[in-house]
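For reference, the structure discussed in these notes is given below.
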Amino acid sequence: MIAPVLMRPGFFWSTFWGSVSRTHYYERSDDYHDIVGNNKQGVWNVPYTSGLQLIKASKLSLLPENPYKVGDMFPPQDYDVAFAYNARKHGLFMHVVNIEHYGHLINPDSYDTSRAAPELHEQFTNKLDWELHYLHEDFYKISVNESYELEQPCTDVFWFPIVNDYYCDDLIHTMETFGKWSGGTNKDERLSGGYENVPTRDIHMNQVGLEDHWIQLLKDYVHPVQLKVFEGYHSTLSAIMNFVVRYRTDEQPSLRPHHDSSTFTVNMALNTKDKDYEGGGVRFIRYNCTLVGLRKGWMLMHPGRLTHFHEGLPTTGGTRYIMVSFVNP
Ligand SMILES: O=C(O)CCC(=O)C(=O)O
Ligand SMILES: [Fe+2]
């Protein structure tokens with residue numbers, strides 16, 4: 001019997017055990033971490049494998065009729081543990097191999113198919129897959145590359161790619177499925193004071209169970225960029241205002257000039273001008289600088305108070321969506 005070494009990245013959870021205890025369950029072996037971590041490579045005879053195995057057909061006759069059961073009176077009762085027990089007992093040797101990289105396991109524990117976009121929620125449990133699925137393909141090339149000068153379309157407004165179209169589409173889908181857009185009025189019970197000075201039609205990330213995920217995104221992917229452009233400022237990346245804004249001609253099409261209550265603001269376009277909406281954009285009044293046609297999945301980062309008085313320009317057709325976060329301090 002032979003099986004590839006596969007693991008859940010970051011969790012040391014794999015397809016084999018290096019040792020078993022007297023009750024036939026898991027026991028850590030001295031070399032377990034070296035084998036799953038690929039520090040030692042080879043073909044290893046192990047006392048337990050699960051999930052994916054290649055068995056030589058002629059050897060199957062070694063096993064009892066029901067190899068998933070040990071006996072009536074005693075454990076192991078779990079079928080996989082019983083199978084490994086029977087294999088050991090009857091001389092069917094189990095091996096794992098890690099000479100090549102065969103891929104990895106996902107962690108299905110928290111995957112919830114009742115969610116509008118379940119993958120969005122996998123940022124903690126399946127971080128590697130989440131990154132492969134959602135990070136913008138130019139994120140490493142542009143955003144965190146020391147030798148790459150970020151675009152600065154207006155004074156101290158930096159512009160860089162973060163996530164791809166899947167992320168943007170899944171986030172819009174999540175918000176539209178939830179559907180409880182705010183009234184766009186000054187009265188806002190979600191805020192501690194109950195009053196929003198510059199209201200938008202929005203849904204906050206905490207309303208759809210994605211606030212922790214978003215904060216982690218800020219820490220993992222926005223923080224390195226922030227350190228690059230606002231050098232020497234060590235933000236804790238805390239933000240209590242994280243929300244998706246919806247602009248429509250028949251609702252709220254624009255946002256009057258204002259300052260944000262933030263040290264710096266990130267504003268990420270979730271869809272595309274002239275495809276999904278017309279008009280729109282943002283204007284930084286002090287610099288007489290207008291940005292339209294902002295790229296989907298790209299983020300604007302700018303100071304929130306004092307210098308960057310700005311407004312959301314009228315959306316004249318379709319629906320424009322942006323993801324905004326006020327980072328403090
Ligand atoms: O429409 C925009 O891009 C500006 C949004 C904005 O300034 C805000 O939500 O505070
Ligand atoms: Fe703003």
Side-chain angles (χ1 to χ4, degrees), residues 151-163 168 171-172 175 181-188 190-191 193 195-207 210-211 214 218 222 226 230 238-329:
E151 288 184 56
Q152 194 179 158
C154 299
T155 305
D156 285 331
V157 178
F158 297 92
W159 198 26
F160 50 90
I162 284 280
V163 294
C168 298
L171 186 55
I172 291 173
M175 293 313 190
W181 297 91
S182 64
T185 62
N186 295 115
K187 197 163 135 0
D188 192 340
R190 298 168 302 177
L191 308 180
Y195 185 86
E196 170 55 67
N197 195 28
V198 195
T200 43
R201 287 260 176 191
D202 56 46
I203 294 174
H204 288 211
M205 286 301 240
N206 64 9
Q207 293 179 274
L210 283 171
E211 174 137 289
W214 179 257
L218 293 177
V222 177
Q226 181 265 299
F230 299 126
S238 46
I240 48 168
M241 296 284 282
N242 309 288
F243 51 95
V244 170
V245 180
R246 177 167 92 176
Y247 291 113
R248 274 187 359 199
T249 49
D250 60 346
E251 282 180 359
Q252 178 174 347
S254 62
L255 190 59
R256 70 170 171 80
H258 64 281
H259 286 287
D260 296 330
S261 52
S262 69
T263 303
F264 68 88
T265 296
V266 293
N267 175 344
M268 184 167 82
L270 296 179
N271 61 358
T272 307
K273 180 175 154 66
D274 296 331
K275 182 165 163 253
D276 307 305
Y277 66 89
E278 282 112 60
V282 53
R283 183 177 139 70
F284 294 91
I285 292 147
R286 181 182 166 91
Y287 305 101
N288 190 21
C289 184
T290 301
L291 301 177
V292 291
L294 293 157
R295 298 174 200 141
K296 183 171 174 176
W298 283 56
M299 210 173 237
L300 294 171
M301 177 189 277
H302 61 82
R305 300 187 177 94
L306 241 42
T307 51
H308 283 66
F309 197 52
H310 60 284
E311 63 182 319
L313 299 170
T315 294
T316 53
T319 307
R320 175 179 177 234
Y321 296 96
I322 53 175
M323 169 75 214
V324 176
S325 199
F326 297 158
V327 180
N328 269 303

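The analysis underlying the following values was restricted to heavy atoms, covering all of them including side chains, and did not include hydrogens, waters or symmetry mates. Remember, it's 1-based here, ligands and their atoms both numbered in the order they're listed.
- Side-chain contact check for R320 versus L294: some heavy-atom pair is nearer than 4.5 Å.
- A donor-acceptor pair shorter than 3.5 Å cannot be found between the side chains of N206 and R190.
- By the 4.0 Å N-to-carboxylate-O rule, E311 lies close enough to R283 to be salt-bridged with it.
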Check ligand 1 for N or O atoms under 3.5 Å from a protein N or O and list each pair with its distance.
unit_1, atom_1, unit_2, atom_2, d
ligand 1, 1 (O), Y247, OH, 2.7
ligand 1, 1 (O), R320, NH1, 2.9
ligand 1, 3 (O), N267, ND2, 2.9
ligand 1, 3 (O), R320, NH2, 2.9
ligand 1, 7 (O), H258, NE2, 3.1
ligand 1, 7 (O), H310, NE2, 2.9
ligand 1, 10 (O), H258, NE2, 3.1
ligand 1, 10 (O), D260, OD1, 3.1

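- Excluding waters, the protein N/O/S atoms found under 2.8 Å from the Fe ion (ligand 2) are H258 NE2, D260 OD1, H310 NE2.
- Residues satisfying the side-chain hydrogen bond (donor to acceptor under 3.5 Å, both in side chains) test with T319, not counting sequence neighbours, are none.
- A donor-acceptor contact closer than 3.5 angstrom is absent between the side chains of N267 and T265.
- For F264 and F326, the distance between ring centers is not under 6.0 angstrom.
- Inspection of the N328 and S262 side chains reveals no N or O donor paired with an N or O acceptor under 3.5 Å.
- With 3.5 Å as the limit, one finds no donor-acceptor pair spanning the side chains of H259 and H308.
- Listed by chain and residue number, nothing satisfies the side-chain hydrogen bond (donor to acceptor under 3.5 Å, both in side chains) test with T315 (two or more places apart in sequence, or in another chain).
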